[in-house]
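Data block below; observations after.
Everything quoted here is computed from the prediction, not taken from an experiment. When reading the values below, keep in mind they use all heavy atoms of this one structure, side chains included, and skip hydrogens, waters and symmetry mates. Here is the naming used below: chain letters follow the sequence lines, and residue numbers restart at 1 for every chain.
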Protein chains: 2
Amino acid sequence: MPRRGVARLGRPRSTSRAELQEVALRLFADRGFDETSVEDIATAAGIGRRTFFRYYSSKLDLVWGDFETELEHMRAALGATGPEVPMMQAVRAGVVGFNRIPPEIATQHRQRLALILGVPTLIANSTLRFAQWRGVVAEFVAARTGCGAEDLLPRVVAHCALGAAVAAYEEWLQDPDADLTAILDDALGRLAAGFATTAPPARATPPPPPPPPPFTGSPSSAGR
Amino acid sequence: MPRRGVARLGRPRSTSRAELQEVALRLFADRGFDETSVEDIATAAGIGRRTFFRYYSSKLDLVWGDFETELEHMRAALGATGPEVPMMQAVRAGVVGFNRIPPEIATQHRQRLALILGVPTLIANSTLRFAQWRGVVAEFVAARTGCGAEDLLPRVVAHCALGAAVAAYEEWLQDPDADLTAILDDALGRLAAGFATTAPPARATPPPPPPPPPFTGSPSSAGR
DNA sequence: CTTCCCTTCGACACTCAGTGCCATTATGAT
DNA sequence: ATCATAATGGCACTGAGTGTCGAAGGGAAG
């Protein structure tokens, strides 16, 4: 398997996670996810099928890149929230901040999300990633409310925050010109209000924090 | 393939969806889901592997039974709610009612849910079923708020209602003596309140309606 | 330059899910 | 008895994912 660290010895790797992702996303865009076999990707990348699985443990993981690192950033952002911010507003700001993406990768991000939320196989798989995401939110809520992350309230909040975020993604995908930040803020604002009104609640996005590395889905090319 | 309707002609079917589910759940309980192959199930049921796939199109579907019929019942229950009930309280009551299960099948239901929410392969697959579930909720919310089911608000509410319900299931699974109805009502009540308080909101479960056929997950054995 | 060491590569074989094809079998109707 | 019908189950195939193992391609030591 490709090692991170500074590999000084042995045969050099013949490709990278980033390159494989690039090749694969192109194929997915052309023929579709299910119509592209791992064999196809490996051939297009000039490696053996077996070698592909040394870079990504499955065809599904290809689309997610280095999600866990992104999660760490959200955990840090939530943890840095001052206690004067109400819990649900902190969650709202954290999720919105997590999803602030640089305009230059917006197209690629859109394509990736369209796959994740549009291809049944990937929709299903996304649940497993989202469970980790929920874990981060639940931890924060647990810390705020003084209970365990395994208790009902943190898990309900996490589930609901995720639900609101996914609904926002879906909305964003429908409109090529939509502003993801605004939609997310709206959805999570309504959640915080208990869906009590039909009108959207006031925009309460706090001053844009120093944009933390957003979820770009880019694979860790460490050890390149 | 086995046909519903009254089959008068041809070779009789050699088993049923119900029987296969029973056999399979026993094997899953013994060895685990991933450790049980379709071959194993077919052999245990005394049929060929190929025939298994004529009863269930995948090993995953086995666990879900006739989910779509159950959904119809929830759709009907929501649709029958009077306009005087606030939207989120109607959702709350509808979801709680949907999950009212007869005590005699509680054990089986618990085993099924433990699989669905505990085995990664099934967790992932559950998302696709839950999407249908969300569709039912979104339709109701759309009708209530006078917008389309594809709009942001209905989808956010549906996602959040599902999130609260799943968190409640998880809580229920942790405690063998827990009362699913109470936990669900609590979780959805908190959602309706926007998670504004730490204390659980008042129990607002309406008088138990004539228990509509609950989600039992039992396969349609029609045409037996 | 040669040799050794280390790491990645890729071929092969295997399991298991899922699908198409088709001959076989069991039944009711004629 | 014969025929039409519908389910069965064997065979072969694709595609994902895994274990194994020899070969390839480098740096470093001699």
Check the phosphate of dG10(C) against T51(A), side-chain N and O only, distance under 4.0 Å to OP1 or OP2. Yes or no?
yes
Presence of Y55(A) side-chain N/O under 4.0 Å of dC9(C) phosphate oxygens OP1/OP2
yes
Test the K59(A)-F52(A) pair against the cation-pi criterion, namely NZ or CZ under 6.0 angstrom from the six-membered ring centroid and within 45° of the ring axis.
no
Relative orientation of the end axes in the helix from dC1(C)-dG30(D) to dT30(C)-dA1(D), expressed as an angle to the nearest 10° (five pairs per end):
20°
Taking N or O atoms only and anything under 3.5 Å, show me the protein contacts with nucleotides 17-19 of chain C, one pair per line.
residue, atom, partner, partner atom, Å
dA17(C), OP1, V38(B), N, 3.4
dA17(C), OP1, K59(B), NZ, 3.3
dA17(C), OP2, V38(B), N, 3.2
dG18(C), OP2, K59(B), N, 3.0
dG18(C), N7, R49(B), NH1, 3.1
dG18(C), N7, R49(B), NH2, 3.0
dG18(C), O6, R49(B), NH2, 2.7
dT19(C), O4, R49(B), NH2, 3.4

Can you tell me how far [atom2] of [N] sits from [atom1] of [X], to the nearest Å?
X      : N       : atom1 : atom2 : answer
R11(A) : dC6(C)  : CZ    : C1'   : 13 Å
L9(B)  : dT2(D)  : CG    : P     : 19 Å
F33(A) : dG15(D) : CZ    : P     : 14 Å
I41(A) : dA16(D) : CD1   : C1'   : 11 Å
Y56(B) : dT8(D)  : OH    : P     : 14 Å

Taking every heavy atom of C160(A) against every heavy atom of L191(B), the minimum-distance pair comes out as SG-CD1, 3.8 Å
Using salt bridge (Lys or Arg N to Asp or Glu O under 4.0 Å) as the criterion, list what pairs up with R129(A), not counting sequence neighbours.
D61(A)
With sequence neighbours left out, which residue pairs that include part of residues 147-167 of chain A fulfil the ring-ring contact (aromatic ring centres under 6.0 Å, His included) condition?
none
Pair R190(A) + D186(A): basic N to acidic O under 4.0 Å:
yes
Which of D34(A), V63(A), L62(A) passes side-chain contact (heavy atoms from CB on, under 4.5 Å) with L122(A)? Answer is V63(A)
So, under a plain 3.5 Å distance rule, would you say the side chain of R54(A) forms a donor-acceptor pair with the base of dG10(C)?
yes
Under 3.5 Å, which donor-acceptor pairs link side chains of residues 150-157 of chain A to any protein atom two or more places apart or in another chain?
residue, atom, partner, partner atom, Å
D151(A), OD2, G148(A), N, 3.0
R155(A), NE, E170(B), OE1, 3.0
R155(A), NH1, E150(A), O, 2.6

Taking the ring of W64(A) and the ring of F67(A), is the distance between their centroids below 6.0 Å?
yes
What residues, two or more places apart in sequence or in another chain, satisfy side chain to side chain donor-acceptor pair (under 3.5 Å) together with E139(B)?
R75(B)
